[in-house]
Structure formats: structure tokens, C-alpha cells
**Student:** 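My questions will all concern the structure given below.
All residue numbers refer to positions in the sequence shown, counting from 1.
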Amino acid sequence: MDTYIEKSKELPVIADIDVLVCGAGPAGIGAAIRAARLGMSVMIVEAMDCLGGVATAGMMSHWTGYSSSHLLSEIYDRHYKKCQMLGWAKENNCGEHIINQEVLKIVLEEVAEEAKIKTLYYTLVCDALVADGSIYGVIIQNKSGRSIIKAKRIIDATGDGDVAASAGVPFFKGRETDGKMQPCTIMFKVGGVDYERAVFPESFETTVQTEKGELQALAKEILPFPAGHVLLYPQTTPGTVCCNMTNCINIDGTDGESLSKGIHVCRSQIEPIVSFLRKYAPGYENCWLMSSANLLGLRETRHFEGQKSLSAEDILEAKVHSDWVVRRAFFNFDVHNMSGASLDTTGIQKKWKQNEPYTIPYGCLLPKNIEGLLLSGRNISGSHLAHSNFRVMPIAMAVGEAAGTAAALSIKENRLLRNVDTAEIQKIVGE
């Protein structure tokens, strides 16, 4: 491979703030808003053109799972009210957990503006600035070129943990046994659906009997591999349905070429999926392609080593950690098949029998060897199987709130992040 030595040059410091949040998905939103409301100067850097991450740019159909996040409840309410103003099909019988992605973009912008958060879109984090075991800034790249942002505390909400990886935090990828990662997806919407007759299988384990056969079995037989399952979700606008049906395996979301392959494969599946729905899914006979996500939905990449690590047993036992910073976390083991379509043999969705929520300890947010940095979202420290539960957006937002709170308290009290009193975090996020 040919190489080129880049000339060194001075980079401008464009900001020196209290809290820098890298990534504006649900985890980043939770962190930024909580820190700002606690009086910190806060900036978000985001690679896309909107706040919300997979919830907006990723065209996620709904909030799935539960948590103690107060901000999430606020956003549910504001989103619902804004939908009333901008269009809500009451006949679609949509609950508050359904996402109108365009409305949510506006709501999140308003919440961030009220909190006086500065946002830089179309901006990538290129490198972490570390000295004596502490992070003090990052190098970014956007249309203005390369520059530096300094911050007292930095929160990595990039999903893939780009900042933590650059800072040298140890990690492993995917499943412990073989490194395989859950498949990726491009979400898309169809219009023209007859809601009076339409079916909405919302889990891999949901079967739908039709005149032409069972729908999941038909999909596995007819759709191009590795697509082959049917997941359809109602939306707030008349006759529209969000489809979680494209599927690409063996993709590494931390590799540029692999990401590009994932997008190509998933987009190539949209046309055959729409044709399949027209022919086999009741109520979809006249459906048409409406839109598709701008952001590839990545479920799993890096798992970082933290001061503590969440295990599947912690979740199954509904363990209450004394140093919890997230409570009432609840979901299932949502492991998508890493060798094809549908659910992995280790996954449990509809048949999940656990009724008790669990907690997430503060140590899962604290990287093992770097001070000044917090993990937030699906990149917190946990096992592959535990990650399949805590990776969902409502839990990620609660993790973000905890991270933003810890960052603010550490600055106010002039303490290292590892020395923040979790009881003080609990008073704020658990109020």
C-alpha cells in the first residue's frame, strides 16, 4: 500500500467549553440537555444534518423498550403535541411511542435551543487529544477544515465509540466467541397501505397467516438473502408504514468500505421487498416506496472496557446496583441473526417472560484508563448479550442523562469523574 506523509500544520481551537458531546443520537441528546440544564456550556458535534441519530436520520419507526429517562417522557409529550399541529392520522391508532421523524427533528432542535446548546452538523471527530491519561479535546473535520474543540469533560455518544477508540480505551467487537456483529439495516417507508386490512408483525416471532401462506416463512423463501423477515410498523401519517426488512450481515460499522457495502446491499433489497409486500401482505397491494433512511442502522460494533461491565445475568436477575445511574431499564435480548434473516438463536423478543426492570451502574459509563471521558449509549461497557438489551433508544437516552449529570457534577465539584458521588447523580436522574 502506498503511503503519504501529511504535512504538519497548526489547527485553530474553535471552542473551549465545559461539556462536549460527540454524537446527537438519543444518548447524545440526553447527555447534552441534562448537562446544559445543570448550567454547563455544551456543544454537540454530529456527522448528520439533524439531531436524533437513528431516531430521525435512521428513520426508526418507534421507541422500543423502557427506562427511567425523564427527558424521554418530555419528548414523548412534545412530539405528540407537535404532531397534532403538523398532521396526525388519528385513524392510524398510533401511540406516543411511534415516531414521526420529521416532527421529532423539529422538537429536538427546539429543546436544544431552549437549553442554549451549540450544535455543529456535518462534523466528524477525527482524533482524541490525550495527555497524562486524561482527554482534554478532540480534532474535528468539517467544511471549515480541521480544528480543535477543548472541553473540561467529553461524552462519547457516537454509538461506535469513535472518541474512546481514538483515546486508547480497550475494546472488543461483536460477539465474544467469534467477533461477529449484528446485521445492519436501512429503514424505509411505504405509502398507500389500507389500514383496515393491513398486518403489522412487530417481532420476528410474530407469525401472520395469509391466504398465500405464513408471511414470515414466505419472506424467508422469496426475498433475496440475507433479507427474509417481515417487520412492519404503523406511522402517524395516513396510509404509511415503516419497514424494518432490509438486512446485511458481516458488516463492520467501523470500516468505511464495509459500511458502503452495507448501504449498497440494503438499498438493493428495497425494490424486491416492496414487490413482495404488494403480492403477499394483506393491505399492501397498492403500497409504494415513499422514503428511506439517510443513516445506516448499525446495531453493534465496539464494546469498551469500563470500571464495571453489565452482564446478561445482571439483566435476567433484574439486579439493583447500589451505584445505579439508570433504573427501570427494560427490554429483551434483541439479537438479530448474524448468519441470515430473523432472530438469532440467542435472541428472545415476543416470548420474553421477564417482568422486572434492571439498573445500570455508573462504572459502565467510565472507561477503564482515560479520565475526563464518559461512554454514553450502546458503547457503554457490557457483554454482547447484555448489549442487545441496553442498546435501544429509551435506555440509551437514560444513559445519556446520567452521563450529562455526572459531567456537570464533576465540573461543579471539581472532582474526577470516577470520584463523583453516584448518590448525587441518583438524586437528579431519579427525581
**Student:** If you apply the rule ring pair (Phe, Tyr, Trp, His ring centres under 6.0 Å), what do you find for His303 with Phe171, and how did you get there?
**Tutor:** CA-CA 5 Å; His303 304 291; Phe171 64 85; 9.6 Å; no
**Student:** Within the supplied structure, the quantity of interest is the number of heavy atoms (other residues, nucleotides, ligands) at a distance under 6.0 Å from Asp178 CG; does it exceed 12?
**Tutor:** yes
**Student:** Can you tell me how far apart CG (Leu223) and CZ (Phe225) are? Round to the nearest 0.5 Å.
**Tutor:** 12.5 Å
**Student:** Looking at Gln209, I want to see if its CD is surrounded by more than 12 non-hydrogen atoms of other residues, nucleotides or ligands under 6.0 Å.
**Tutor:** yes
**Student:** Going from CG on Leu374 to CZ on Arg153, what distance comes out if it is rounded to the nearest 0.5 angstrom?
**Tutor:** 8.5 Å
**Student:** Find the distance between CE (Met43) and CD1 (Ile117) and round it off to the nearest 0.5 Å.
**Tutor:** 11.5 Å
**Student:** Using only atom types and a distance under 3.5 Å, with no angle test, would you say the side chain of Thr158 pairs donor to acceptor with the backbone of Gly161?
**Tutor:** yes
**Student:** Does Tyr358 have Lys319 sitting over its ring (NZ/CZ under 6.0 Å from centre, angle to axis within 45°)?
**Tutor:** no
**Student:** If you count the non-hydrogen atoms of other residues, nucleotides and ligands that lie under 6.0 Å from NZ in Lys118, is the total more than 12?
**Tutor:** no
**Student:** Return yes when atom NZ of Lys212 has more than 12 non-hydrogen atoms of other residues, nucleotides or ligands closer than 6.0 Å, and no otherwise.
**Tutor:** yes
**Student:** Verify, without hydrogens or angle tests, whether Ser311 (side chain) and Asp314 (backbone) share a donor-acceptor contact under 3.5 angstrom.
**Tutor:** yes
**Student:** Between Trp63 and Tyr76, what is the ring plane arrangement, given parallel below 30°, perpendicular above 60°, and tilted in between?
**Tutor:** perpendicular
**Student:** Among Asp160, Asp255, Asp252, Thr254, whose side chain to side chain donor-acceptor pair (under 3.5 Å) with Thr301 holds?
**Tutor:** Asp160
**Student:** Using salt bridge (Lys or Arg N to Asp or Glu O under 4.0 Å) as the criterion, list what pairs up with Glu102, not counting sequence neighbours.
**Tutor:** Lys105
**Student:** Please say whether the positively charged group of Arg278, taken as NZ for Lys or CZ for Arg, lies over the ring of Tyr284, i.e. under 6.0 angstrom from the six-membered ring centre and within 45 degrees of the axis.
**Tutor:** no
**Student:** Is the CD atom of Glu271 crowded by more than 12 outside heavy atoms at less than 6.0 Å?
**Tutor:** no
**Student:** Around atom CD of Glu424, are there more than 12 heavy atoms from other residues, nucleotides or ligands closer than 6.0 Å?
**Tutor:** yes
**Student:** Within the side chain of Gln101, is there an N or O that forms a donor-acceptor pair under 3.5 Å with the backbone of Gly58?
**Tutor:** no
**Student:** Between Tyr195 and Phe200, is the ring centre distance below 6.0 Å?
**Tutor:** yes
**Student:** Give a yes or no on whether the backbone of His336 and the side-chain of Gln182 come within a donor-acceptor separation of less than 3.5 Å.
**Tutor:** yes
**Student:** Kindly say whether Gly306 contributes a backbone atom to a donor-acceptor pair with the side chain of Ser381 at under 3.5 angstrom?
**Tutor:** yes
**Student:** Rounded at 0.5 Å granularity, tell me how far NZ in Lys412 sits from CE in Met40.
**Tutor:** 5.0 Å
